[in-house]
*Asks:* 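Here it is, the structure in full.
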Protein chains: 2
Amino acid sequence: MARPRNPLLNRERIVTAALELVDGEGLAALSTRRLAAGLGVSGPSLYNHFPTKDALLDAVVDTVLGEVDLSMLGRDPWPEALRDWARSYRAALAAHPNLVPVLAHGPGRRANALRLADAVFGALVDAGWPRGEATRIGALMRYLVFGSALGSFAGGFVDDQQVYTADYPRLGQAHLLAEHQRAIDEGAFETGLAALIEGLALRFERLHPAV
Amino acid sequence: MARPRNPLLNRERIVTAALELVDGEGLAALSTRRLAAGLGVSGPSLYNHFPTKDALLDAVVDTVLGEVDLSMLGRDPWPEALRDWARSYRAALAAHPNLVPVLAHGPGRRANALRLADAVFGALVDAGWPRGEATRIGALMRYLVFGSALGSFAGGFVDDQQVYTADYPRLGQAHLLAEHQRAIDEGAFETGLAALIEGLALRFERLHPAV
DNA sequence: GTCTATATGCTGATAGAC
DNA sequence: GTCTATCAGCATATAGAC
């Protein structure tokens with residue numbers, strides 16, 4: 001086949017198929033050949049739409065970031081807004097666990113990544129936080145979100161209690177087993193979110209003493 | 001050459017060379033051929049000492065985790081111990097930035113990873129934290145450490161202010177540029193550490209009311 | 001048990017025909 | 001804008017020398 005009168009591919013179709021492949025069969029299954037085969041074309045055809053595989057992955061990542069709800073930012077009081085935004089952020093990652101390692105590599109340079117960072121930064125500044133602090137708080141929340149996502153979705157502890165009870169009796173008692181890892185990370189995320197926002201509220205009060 | 005009378009390779013020599021290669025030339029430079037060449041042997045020889053490349057990377061990761069200082073745990077009061085431990089943890093990652101993406105994938109199943117988790121868990125329990133809370137706090141601190149390491153060492157924002165000021169004026173003002181990313185992550189780490197420990201101290205006081 | 005040599009089947013990516 | 005053909009590099013398997 002040569003050039004078809006109607007293109008078989010476009011960026012959106014490729015990104016959608018790539019995300020489905022990663023969600024369904026894991027990151028390792030995403031090879032240019034596999035992806036192209038699923039789209040009914042041959043491997044190198046993808047390179048007419050993306051310069052490299054990395055650029056393709058970038059676009060996939062940005063699609064996922066577009067799923068994060070930002071509507072509470074600038075609308076609700078900052079502590080609640082920050083909490084709900086972080087939960088929505090985490091939920092977006094949880095919907096695509098196989099992609100988390102890719103998402104974790106840097107804040108991203110694409111439209112949705114920037115929209116995300118701009119929204120939370122703006123909401124904090126508008127609420128009265130100094131710019132420097134707002135930047136740091138935005139970064140901080142990302143750490144919490146990605147840390148808990150990485151722990152949960154990327155391996156974790158072996159599911160064999162004996163491995164631990166043998167040499168690390170206290171760890172064994174901590175229920176650090178694979179079956180519980182997800183629950184632990186969700187609990188740690190919520191604990192951290194609450195403690196962090198409480199700690200930040202103390203700091204905010206020192207910054208803006210009430211009367 | 002066939003079997004040399006004195007083995008050319010052993011696990012320690014391989015791990016050391018792999019870490020040097022990753023530190024010096026990045027993760028992508030670590031191929032079995034490159035590594036073997038640097039050790040004066042041919043590629044497949046490594047498989048006499050490690051079953052897969054992943055197992056090798058696992059061993060490298062564990063070596064780095066062995067550099068984390070644990071001496072303050074169980075010695076100092078828990079808030080200070082937690083803070084200093086987190087800083088030592090972060091410093092160990094900062095010493096091997098190219099390895100951070102690998103380190104971030106799960107808590108690890110090797111001796112030093114378990115020693116680390118056991119030490120912090122034990123110290124918190126001994127200080128009076130319930131087991132469940134101690135587990136969550138340990139996880140939480142890892143999120144902070146890895147999140148700030150990933151942000152700093154794994155790409156970050158493009159170093160072109162115009163990209164931001166055009167469509168995201170508030171972000172531009174936030175100094176979210178590559179040259180500042182490292183400082184931001186260090187600041188966010190310290191801010192988060194302080195706020196988190198303050199928030200946890202409040203929680204601890206509710207748990208153990210003073211008099 | 002430790003090495004070398006060789007081979008397999010992946011991978012991302014390029015060149016040129018249509 | 002898609003094809004086919006092709007490339008170099010990858011992790012890894014296998015066979016054999018000692």
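Heavy atoms only: backbone and side chains are in, while hydrogens, waters and symmetry mates are out. Just so we're on the same page: letters track the sequence lines, and every chain starts at 1.
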*Asks:* Nearest-Å distance, CG (A/L35) to P (C/dC10)?
*Replies:*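 Atom CG in A/L35 sits about 17 Å away from atom P in C/dC10.
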*Asks:* Whether the side chain of A/D69 engages the backbone of A/S88 through a donor-acceptor N/O pair (distance < 3.5 Å, no angle test) should be reported.
*Replies:*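 No, A/D69 side chain to A/S88 backbone: no donor-acceptor pair under 3.5 Å.
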*Asks:* Are B/R13 and B/N10 close enough, and set up right, to give a side-chain hydrogen bond (donor to acceptor under 3.5 Å, both in side chains), and what steps lead you there?
*Replies:* CA-CA 5 Å; B/R13 242 169 65 72; B/N10 58 57; 5.5 Å; no
*Asks:* Would you mind reading off the distance between A/H49 atom NE2 and D/dG1 atom P, rounded to a whole angstrom?
*Replies:*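 Those two atoms, NE2 and P, are 6 Å apart.
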*Asks:* Ignoring backbone atoms, test whether B/S45 places a side-chain nitrogen or oxygen under 4.0 Å from the OP1 or OP2 oxygen of C/dT4.
*Replies:*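 Answer is yes, contact under 4.0 Å.
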*Asks:* Name the closest nucleotide to the A/S42 side chain, picking from C/dT4, C/dT2, D/dT4.
*Replies:*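 Side chain of A/S42 sits closest to D/dT4.
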*Asks:* Return the value, rounded to whole Å, for the distance between atom CG of A/L8 and atom C1' of D/dT2.
*Replies:*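 My rounded result for the distance is 7 Å.
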*Asks:* Base contacts versus sugar-phosphate-only contacts with protein, heavy atoms under 4.0 Å: please encode nucleotides 9-14 of chain D as B, S and - from 5' to 3'.
*Replies:* -BBBB-
*Asks:* Specify the separation, in whole Å, of atom CG of B/L46 and atom C1' of C/dT4.
*Replies:*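 The answer, rounded to whole Å, is 13 Å.
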*Asks:* Quick one: CG on A/L140 to CD1 on B/I184, what's the gap to the nearest 0.5 Å?
*Replies:*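 The CG atom of A/L140 sits 13.0 Å away from the CD1 atom of B/I184.
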*Asks:* Measure from NZ or CZ of A/R131 to the centre of the six-membered ring of A/F121 and say whether it is under 6.0 Å with the direction within 45° of the ring axis.
*Replies:*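 So A/R131 doesn't make the cation-pi contact.
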*Asks:* Quick one: ring pair (Phe, Tyr, Trp, His ring centres under 6.0 Å) partners of A/Y89, sequence neighbours excluded?
*Replies:*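 For A/Y89, the residues satisfying ring pair (Phe, Tyr, Trp, His ring centres under 6.0 Å) (neighbours in sequence not counted) are A/W85, A/F146.
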*Asks:* Side chains of A/H96 and A/V22, heavy atoms from C-beta outward: is any pair under 4.5 Å?
*Replies:*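 The answer is no; the side chains never approach within 4.5 Å.
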*Asks:* Over how many whole Å does the gap from B/N48 atom CG to D/dA15 atom P extend?
*Replies:*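 So the two atoms are 15 Å apart, to the nearest Å.
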*Asks:* Taking CZ from B/R13 and C1' from C/dT2, how many angstroms apart are they, rounded to a whole number?
*Replies:*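 It works out to 13 Å between those atoms.
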